[in-house]
Structures are given as C-alpha cells and as structure tokens.
Amino acid sequence: MDEKQHKLDLRYLKMAQIWAENSYCKRRQVGALVVKDQMIISDGYNGTPSGFENVCEDDNNVTLPYVLHAEANAITKLARSSNNSEGSTLYITDSPCIECAKLIIQAGIKRVVYAREYRLTDGADLLRQAGIEVDFIEI
C-alpha cells in the first residue's frame, strides 16, 4: 500500500471514529463510512431502528437484539439512496461480525478497513474468503 492511500485510510478511520460518537450505545460506539472514488457515499453508527427509543442496552447492560450495527446502517442507508456501493471501501471503527460481513459481500464492497479488533474474527475471515481486501490499521 502506498503512503498516500495509508494517509487517506487513517483520515477516513478517524472520521468513522468521530461519527461513532453519534451512537447512544453505552457498551461500544461504532462508526462506519462507505467511500467510493474518494467520496463518502454513506455513513452509519450502531443504534436502534428508526422510530425506536435511543436505548441500546437492557438493565443488565446486554445489547438489545434489535440494535443495528454501524455497517448495516450504512449499507441500508445506501439502499434508500441513488448511490451504490459496488467497488467501494468500507471504513469501520471495529472489525465486522459475521452477519455484517454477509451484507458487505452482497453490497459489492471490495475493501474493508477497520481500527479495532473484535474478539471474534469470523466476519473478517468470511470477507477474506470472499476475496474482499481486509485491512486492520490501528489509529
């Protein structure tokens, strides 16, 4: 990877990190940006579906089952726009879970860059198996 691309990757990851601050989740705030041709075409952060109260955890601090992940929000936001994610790059603060990895594959995203490792690696493993470039860059 060249130095210019690495600098861009760091900038987009920092922007995703800032975007994560929009999340009302207490356990973990996650942000995501979809970038195509050096333009941000979608964004997302983890949280509840539209119309739901902005509470992500129950009284025992367990994430509620209907909370959406940041990358799922970014991808579904694209579905409601005139943009498409074919050949794009997804920047995420945290490595994707297996469910989001399936969405990433189906969305035609060709590269995923993330800044924090999650305890489970099955999402990133599935992406690699599908031929998607996966890069971990600490910021």
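Just so you know, these numbers use all the heavy atoms, side chains as well, and skip hydrogens, waters and symmetry mates. Since the structure is predicted, the reported quantities are computational estimates derived from the model, not experimental observations.
A 4.5 Å side-chain heavy-atom check between Tyr118 and Arg116 finds every atom pair outside the cut-off. With contacts defined as side-chain heavy-atom distances shorter than 4.5 Å, the pair Leu68/Pro49 qualifies. Looking at heavy atoms from C-beta onward, His6 lies in side-chain contact with Ile137 at the 4.5 angstrom threshold. You'll find the side chain of Asp94 reaches within 4.5 Å of the side chain of Arg28, heavy atoms only. Side chains of Leu8 and Gln5 form a contact here, defined as non-hydrogen atoms less than 4.5 Å apart. With a 4.5 Å cut-off on side-chain heavy atoms, Tyr91 and Val112 do not count as touching. Contact annotation: the side chain of Leu78 approaches that of Ile41 to within less than 4.5 Å [non-hydrogen atoms, C-beta and beyond]. Between Leu127 and Pro96 there is a side-chain heavy-atom pair separated by less than 4.5 Å.
In this structure, the separation between CD on Glu99 and NE2 on His69 is 9.0 Å, given to the nearest 0.5 Å. Atom CZ of Arg11 is separated from atom CE of Met15 by 10.5 Å, given to the nearest 0.5 angstrom. Atom-to-atom distance recorded for Ser42:OG and Met39:CE is 12.5 Å, nearest 0.5 angstrom. Here the CG atom belonging to Leu13 is positioned 9.5 Å from the CG atom belonging to Asp135, to the nearest 0.5 angstrom. Expressed to the nearest 0.5 Å, how far CG of Leu33 lies from OG1 of Thr93 amounts to 9.5 Å. In this structure, Leu64 CG and Glu53 CD are separated by 9.5 Å, a value rounded to the nearest 0.5 Å.
When the shell of 6.0 Å around CD of Glu117 is examined, it contains more than 12 heavy atoms from other residues, nucleotides or ligands. Environment of NZ in Lys77: crowded, with over 12 heavy atoms of neighbouring residues, nucleotides or ligands closer than 6.0 Å.
In terms of heavy atoms, Cys25 sits closest to Val67 at SG-CG1, 4.2 Å. Heavy atoms only, all atoms of each residue included: Cys56 and Gly47 are closest at SG-CA, 4.0 Å. Nearest heavy-atom pair across Gly31 and Ala20 is N-CB, 3.3 Å. Summarising the geometry of Leu10 relative to Glu138, their closest heavy-atom pair is CD2-O, 4.1 Å, with the distance given to 0.1 Å. Across Lys110 and Gly87, no two heavy atoms sit closer than the pair CG-CA, 3.5 Å. The two residues Gly44 and Ala74 make their nearest non-hydrogen contact at N-CB, 3.9 Å.
A salt bridge links Arg111 and Asp9; the closest N-O separation between the charged side-chain nitrogens and carboxylate oxygens is under 4.0 Å.
Panel note: side chain Glu71, backbone Cys100; no donor-acceptor pair is recorded below 3.5 Å.
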- Query: Passes side chain to side chain contact (heavy atoms under 4.5 Å, CB included), Glu57 versus Val62? Steps please.
  - Reply: CA-CA 5 Å; Glu57 296 88 8; Val62 174; over 6 Å; no
- side chain to side chain contact (heavy atoms under 4.5 Å, CB included) evaluation trace for Ile139 with Gln17: CA-CA 10 Å; Ile139 53 174; Gln17 202 169 38; 3.3 Å; yes
- How far apart are the C-alpha atoms of Asn73 and Asn46, what are their side-chain angles, what is the distance that settles it, and do they pass the side chain to side chain contact (heavy atoms under 4.5 Å, CB included) test? CA-CA 7 Å; Asn73 268 327; Asn46 58 327; 5.8 Å; no
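With no hydrogens or angles considered, a side-chain donor-acceptor pair links Thr63 and Arg27 at under 3.5 Å.
Clustering ILVMFWY residues whenever any of their side-chain heavy atoms sit less than 4.5 angstrom apart, transitively, puts Val35 in a cluster other than the one holding Ile132. Linking Ile, Leu, Val, Met, Phe, Trp and Tyr residues whenever their side-chain heavy atoms come within less than 4.5 Å leaves Ile75 and Tyr45 in two separate clusters. Side-chain heavy atoms closer than 4.5 Å link hydrophobic residues (I, L, V, M, F, W, Y) into clusters, and following such links, even through other members, never connects Phe136 to Val113. There is no path of hydrophobic side-chain contacts, each under 4.5 Å, that joins Tyr12 to Tyr114.
Here the options are Leu90, Ile104, Ile92, the test is side-chain contact (heavy atoms from CB on, under 4.5 Å), and the partner is Val34; only Leu90 passes.
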